[in-house]
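In what follows, a single structure is set out as structure tokens and then discussed.
Just follow the structure's listing: the first ligand is 1, and inside any ligand the first atom is 1.
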Amino acid sequence: MPSISNKGRNMPESPIRKLVPFAEAAVKKGKKIYQLNIGQPDIETPKAALDAVKNNDIDVLSYSHSAGFVSYRTKLAKYYHKNDIPVDAEDIIITTGGSEALLFAMGSITDPGDEVIIPEPFYANYNGFATASGVDIVPIKGSIEDNFSLPAISEFEKLITNKTKAILLCNPGNPTGYLYTRDEIQQLADLAIKHDLFIVADEVYREFAYDGVKHHSIMSIPGLDQNAIMVDSVSKRYSMCGARIGCLVSKNKEVMIAAMKFAQARLSPPTFAQIAAEAALDTPDEYFEEVNKEYTERRNLLIEGLEQIPGVKVAKPKGAFYCIAELPIENADKFAQWLLEDFQYNGETVMVAPANGFYSTPNTGMNQVRIAYVLKKENLEKAIEILKIALEEYNK
Ligand SMILES: Cc1ncc(COP(=O)(O)O)c(C=O)c1O
């Protein structure tokens with residue numbers, strides 16, 4: 001029989017999606033599941049975005065430019081300017097989700113065997129993108145005790161070798177909810193310049209910064225034009241995950257030339273979705289104010305609820321809509337599966353993402369889960385109650 005590649009074999013499963021078959025089986029048995037595992041917001045997509053697609057009278061659904069519609073990129077550049085990100089249309093390549101932008105970034109700046117330093121825990125699919133590109137992730141571990149704040153820069157410096165090509169950041173962080181300060185971003189920028197490294201900043205949660213704290217983009221740091229690459233997406237900003245639109249942004253011309261070749265190879269980003277994303281840019285500020293208020297309340301409810309469960313430790317998120325919680329159990333994989341297969345409370349259960357898939361250091365985060373607060377408050381409240389009862393029963 002012909003054999004598949006080592007790369008194919010080594011591709012990690014998504015810790016967010018790997019329990020789906022157990023969830024499907026539970027639903028078939030009539031169980032209701034509160035999904036805390038996946039970052040699929042329940043917030044409505046702005047109507048303008050949906051209407052732009054509905055009211056369109058396209059005759060031929062054609063390819064677009066490989067970098068995306070110029071009209072969309074021009075309007076997007078205006079949005080960035082408004083957010084202290086001084087970039088132009090030519091610094092942007094529209095991609096099929098932030099996911100493709102991450103792949104293009106890895107493809108453009110790394111060769112197999114190169115190393116990328118990433119604060120850990122990190123968005124689990126970075127493991128998959130790194131495997132696909134043959135890149136070795138060098139993790140730098142944050143700790144739940146100090147809310148996963150940035151490890152000392154000297155610790156980063158210790159990890160730099162002649163194979164290091166980049167530092168990859170997620171700001172605000174998925175799964176930690178950590179929001180980097182201006183000073184932390186500046187320190188990383190100085191380090192990148194000193195050692196000739198790229199900084200790839202995944203800023204897909206830019207709008208989700210709470211408590212009045214400002215988000216600082218990598219692109220707003222002066223003097224970093226040649227080192228900075230930003231990954232962005234409409235998925236979370238406008239609750240448009242299914243549109244599959246994101247972008248890669250850099251002032252570094254060589255990066256853009258390389259990324260453009262990857263973009264040409266896949267022809268173009270989706271046409272209808274670009275129409276929706278372009279229209280979404282007209283979304284009024286009040287939309288974000290309301291969304292921000294809603295997520296702040298959800299976060300507070302979740303964190304307060306979790307803190308009241310005996311034995312649970314939780315890092316307080318300042319942004320995005322996730323948290324890492326340490327549970328009084330040994331193995332979160334087994335517990336998460338048990339929740340779906342063997343547990344129910346009045347016909348209901350919860351689904352969480354085991355956190356070890358968000359680490360690349362083996363056997364780390366084994367007793368942690370990632371929880372997404374993407375449910376309405378009343379459902380979130382029920383989900384916390386169910387988790388509390390489940391933990392009591394599991395530990396009996
Ligand atoms: C940190 C982070 N980056 C990138 C993505 C990719 O998103 P998309 O491909 O939908 O834009 C996600 C999705 O959850 C994410 O959480």
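- Interface atoms of ligand 1 facing Arg244, defined by a heavy-atom separation under 4.0 Å, are 8 (P), 9 (O), 10 (O).
- Where the criterion is an N or O separation shorter than 3.5 Å, residue side chain and backbone included, Gly98 meets it with respect to ligand 1.
- Residue contacts with ligand 1 leave out Gly246, since none of its heavy atoms falls under 4.0 Å from the ligand.
- For the pair Cys323/Lys316, no side-chain contact is recorded, criterion being any heavy-atom separation below 4.5 Å from C-beta on.
- At a 4.0 Å heavy-atom cut-off, ligand 1 touches Lys236 through the side chain alone.
- Ion pairing of Asp232 with Arg206 is present here, as a side-chain N (NZ or NE/NH1/NH2) and a carboxylate O approach within less than 4.0 Å.
- If you chain together hydrophobic residues whose side chains sit under 4.5 Å apart, Met230 and Phe262 never meet in one group.
- The nearest protein atom to atom 4 (C) of ligand 1, hydrogens excluded, is given as Asp202 OD2, 3.5 Å; this is a heavy-atom distance.
- The contact set between ligand 1 and Ser233, taken as ligand atoms under 4.0 Å from a residue heavy atom, comprises 8 (P), 11 (O).
- For residues 42-54, the set of pairs meeting the side-chain hydrogen bond (donor to acceptor under 3.5 Å, both in side chains) definition, not counting sequence neighbours, comprises Asp42-Arg298, Asp42-Lys376, Lys47-Asp51.
- The closest side-chain heavy-atom distance from Pro151 to Phe156 is below 4.5 Å.
- Less than 4.0 angstrom separates some heavy atom of Gly97 from each of these atoms of ligand 1: 9 (O), 11 (O).
- A salt bridge does not link Lys163 with Asp111: every distance from a Lys NZ or Arg NE/NH1/NH2 to an Asp or Glu carboxylate oxygen is 4.0 Å or more.
- Interface atoms of ligand 1 facing Cys170, defined by a heavy-atom separation under 4.0 Å, are 1 (C).
- Using a 4.0 Å cut-off between a side-chain N of Lys or Arg and a carboxylate O of Asp or Glu, Arg266 and Glu100 qualify as a salt bridge.
- For atom 10 (O) of ligand 1, the nearest non-hydrogen atom from the set Ala320, Gly242, Ser235 comes from Ser235.
- Backbone and side-chain nitrogen or oxygen atoms of Asn174 are examined, and one is located within less than 3.5 angstrom of a nitrogen or oxygen of ligand 1.
- Contact annotation: for Ser99 versus ligand 1, heavy atoms closer than 4.0 Å belong to both the backbone and the side chain.
- With a 4.5 Å cut-off on side-chain heavy atoms, His65 and Val70 do not count as touching.
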